[in-house]
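Notes for the one structure printed next.
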Amino acid sequence: MAYGRKVMEHFANPRNVGEMKDADGVGRFGNTVDGDEVVLYIKVKDDVISDISFQVFGCAAAIASTSMFTEMVKGKSLEAAIRLTKEDVSEALDGLPPGKIGCSVIAPDALRAAINDYLGRRGRGFITGDEIPPMRR
Amino acid sequence: MAYGRKVMEHFANPRNVGEMKDADGVGRFGNTVDGDEVVLYIKVKDDVISDISFQVFGCAAAIASTSMFTEMVKGKSLEAAIRLTKEDVSEALDGLPPGKIGCSVIAPDALRAAINDYLGRRGRGFITGDEIPPMRR
Amino acid sequence: MERTYFDNSATTRMDRRVMEEMLPYFDQRYGNASSMHSFGREAYDAIELARERTAKALGATTREVVFTSGGTESDNLAIQGAAFANIAKGRHIITTAFEHHAVLHTCHFMGSQGFRVTYLPVDGQGLVDPEDLKRAMTKETILVSVMAANNEVGTIQPIRELGAIAHEGGSLFHTDAVQSIAKLPVDIASDNIDLISISAHKFHGPKGVGALCVRKGVKLRPVVYGGGQERGLRSSTENVPGIVGLGKAIKIGVSEMEDSVARMVAIRDRLIDGTLSSLEGCFLNGHRTKRLCNNAHFRFDLVEGEALVLSLDMKGFATSTGSACSTRSAETSHVLKALGVRPEDSRGSLRLSLSKFNTMEEAERFLGAIGEIVARLRSMAPRAARSGGA
Amino acid sequence: MERTYFDNSATTRMDRRVMEEMLPYFDQRYGNASSMHSFGREAYDAIELARERTAKALGATTREVVFTSGGTESDNLAIQGAAFANIAKGRHIITTAFEHHAVLHTCHFMGSQGFRVTYLPVDGQGLVDPEDLKRAMTKETILVSVMAANNEVGTIQPIRELGAIAHEGGSLFHTDAVQSIAKLPVDIASDNIDLISISAHKFHGPKGVGALCVRKGVKLRPVVYGGGQERGLRSSTENVPGIVGLGKAIKIGVSEMEDSVARMVAIRDRLIDGTLSSLEGCFLNGHRTKRLCNNAHFRFDLVEGEALVLSLDMKGFATSTGSACSTRSAETSHVLKALGVRPEDSRGSLRLSLSKFNTMEEAERFLGAIGEIVARLRSMAPRAARSGGA
Ligand SMILES: Cc1ncc(COP(=O)(O)O)c(C=O)c1O
Ligand SMILES: Cc1ncc(COP(=O)(O)O)c(C=O)c1O
């Protein structure tokens, strides 16, 4: 049940919160009816995420994991960033309650949407879940 | 479950315990296999119980109720004594646990046996349960 | 950091007087109440005193009181017990859609055991309509179970009226009074109650002990079997200190009820009025007056409940989203659903529940803090949620 | 009057260190373990520490520990739970004739629910023969339940061997270890145990709390339904102080077991030898060495057990006739009956059960008193009983 220290720290002081007016890509995932919702804003330079910010409606796990995720992907190539899984985020937070990982760690999904938005604006092909190799660090 | 003060007092200091060598009547009731057993000894003068003593194998309720019963019948006419019920004994002891009255207050039964023994020795008719009027004091 | 405890529907702080009464039974009068010796008699006497106190508080006789391990076991013993014991009379049970899980999940289980269960609706204010019960009654109905007061939204049900309807239809009537003891008066005879569940830790007694009052003549099948304690209805070595604590707590609770309730009502009303008037997009769930003296249940637009509770916790306020069960924030409260609250509107729930130990100062401190916390969370929300969530 | 407590199989005095560990959870860290705020986390952490301690003491993992309200509930959850959950595999249960009523009456109940129950015999020394279990096993057998040590006569059963036989036959194995915790070592894996019941008040912990250890992969149906605590197996607000007490008590009990057992064995042996050698018509029930370190169970000719216990009580000795249940003296112990003791020979039973708090001085005091007490009662017995009772 209880959240670890790292989760609470990110919940109390989330990094990279806020709307980004001049984003290169915006991705939204989730819903506020019975789940959490995340919007991710990315700036991309040479296929590397140079800046990122987010907005979130959701529980502490959603807030903390999105905050942590933005820290993890910042500076990463799109290809590397897209490979980060929910479990990677959970691990980086020293673990989340089991039930929370599936429903609240949705930032990776939002990132995929944001990257597709970025690629789409540039007329490049979309990525789907299937194209991401099942490799973990 | 718990016994009252009066029961414990009679259990600790039972009155009229012991065999009576020159009894006019002796009555035994109960069994030691799965119940209590009481032997009552009476001396009778003009159909009045002039002396009484008892032996007992049984639980505290058997000991205390027999002790109390001997006190209650001493000096009573046979007819009055025979009318005392298990409930009378229990009341005189300020109550016994419900389950105990049926199985441990057997002194009244032993008295009937003792009186019959007394009557028999004198060639007088026996009394049975049915002959005792259903009257209470 | 100073901590303010506003989660008394989850559990309460034990009253010092209750603790003091319990302590000797841990390491001095530690006997087993079934033992014949003096240690046993001390334990037995202590339990019987607690039984008298409990009986008196509920308008029952001592023989009608069965001590259990808590509200959940009491509810299970009442429902499983009455249903299985009365199977020959019928197999229909009526309850409501917004009972505590201890009743609701037991009723689901009974459903799997060949019983038919009707779940009465509640209205938008969190009240059961006696007319609905009348309509639901059948010749097969053996048990009606309606809670005295709801644990999430705090609404108070017309128990006496519901009990009368159940009895008219020839059914037993059970009420889960776990939340209402020492807050609402109760008298099982005049309130038409056959079975009533209580739990000590909800009224400043110890956790892990409760009682079920079983009206004379009502037959139950036990849930656990063993040494035959509690007249065979609840076997196990009696929790003597716990039972002593329950007895003391209910005695204190009932005798000081009037004052305590008045205090709580004043604080509750300040919390409700203060929150509603100072914050936008904030609403009260449950009827405004037919609610427990200690319950304020809000809904906030654009705020997720768990995040709100944890934010409040970081500022020293212990509160809850509604009930102390689920770990999945996404799981919607069945109580709010029963009230007809839309899922998206039940996300931002906050329950403040008071006890006699709370003060008006704590309420003012809360009112001083809540605005900023809500604002911070709302500021993080994405635009669609921010505009469309209401 | 100085009192000597020789009834530790009924219940024990709480260890001061256990009390001290529990106290803060009554009125300071009083949260509900399911609550999200800091009070809730304190409670949750305390329960998890207790769970670790309990798991360690039993050779289990933390996920295998389910806290309950005591030995009776643990036994019921094990037996009802495993039987109803495995009904598809078969409907045959094996237990013994001299189990505690928590197992025995639960098995009777299962008998009424369409299960076939085999009650294994015990020999005159109070031991179960593994060969009997082998013979009783069928393809339908889903559960074998044999107690680790008997609560009346204290005899120790070959659990590991019995567990192996159960497993070979494809059955689950449950043991009621309520009497053996902190007296016999246990390791559920190497002892072939799938389900083990314990009760805190038997090892200087609080009354009203126990545990059932459920080996990974074993499926149970709950006995009570509700909020889903203890992984859904045992709903109800956790008894935090009680669970904390259990954890502390089992930790102390196991870590100090060696010394405590040696002390108790010395006192027990003095009591047994001293009584048998100084009194005529006095016998030991149960195997002389395969018995718990704390149990001495006698049979006296020509003495009724309750009268003996009460007489001893008047001299300050708390003892028992065997178990702490029945109020009817005429009810013969099912344990002695299983051992083949004739009814008339089971009337004069006396159980002395020790704890680490007893001293050799107390044993000597007892030996100084028992002779006169027995003599007084015998002197009151009628002649036939006096001569023919043996
Ligand atoms: C209305 C209601 N019923 C039953 C219960 C269950 O009580 P306990 O947790 O003591 O088993 C609770 C509280 O948890 C409750 O609020
Ligand atoms: C062997 C045995 N099993 C089960 C129990 C029941 O435990 P509890 O009374 O804690 O429910 C006891 C003691 O009463 C016991 O001695």
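Note on naming: letters A, B, ... go to the chains in the order of the sequence lines (proteins, then strands), and numbering restarts at 1 for each one.
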Between D:Arg29 and chain C, which part of the residue has a heavy atom less than 4.5 Å away: side chain, backbone, both or neither? neither
To check you understand the geometry: which heavy-atom pair defines the closest contact between [X] and [Y], and what is its length?
X: D:Gln80; Y: C:Val224; result: NE2-CA, 4.3 Å
X: C:Ser35; Y: D:Asp7; result: OG-OD2, 3.2 Å
X: C:Ser236; Y: D:Ser69; result: OG-O, 4.3 Å
X: C:Ser38; Y: D:Arg3; result: OG-NH1, 2.8 Å
X: D:Val223; Y: C:Asn76; result: O-OD1, 4.2 Å

Donor-acceptor pair, side chain of [X] and main chain of [Y], under 3.5 angstrom:
X: D:Asn32; Y: C:Thr11; value: no
X: C:Asp27; Y: D:Arg13; value: no
X: D:His101; Y: C:Gly227; value: no
X: D:Lys207; Y: C:Tyr30; value: yes
X: D:His37; Y: C:Ala318; value: no

Fit a plane to each ring of C:Phe39 and D:Tyr5, take the angle between them on a 0 to 90° scale, and name the class: parallel (under 30°), tilted (30 to 60°) or perpendicular (over 60°). perpendicular
Do D:Leu23 and C:Met19 make a side-chain contact, defined as non-hydrogen atoms from C-beta onward lying under 4.5 Å apart? yes
Checking C:Ile79 against chain D: side chain, backbone, both or neither under 4.5 Å from a heavy atom? neither
Side chains of C:Ser112 and D:Arg221 only: does a donor on one sit below 3.5 Å from an acceptor on the other? no
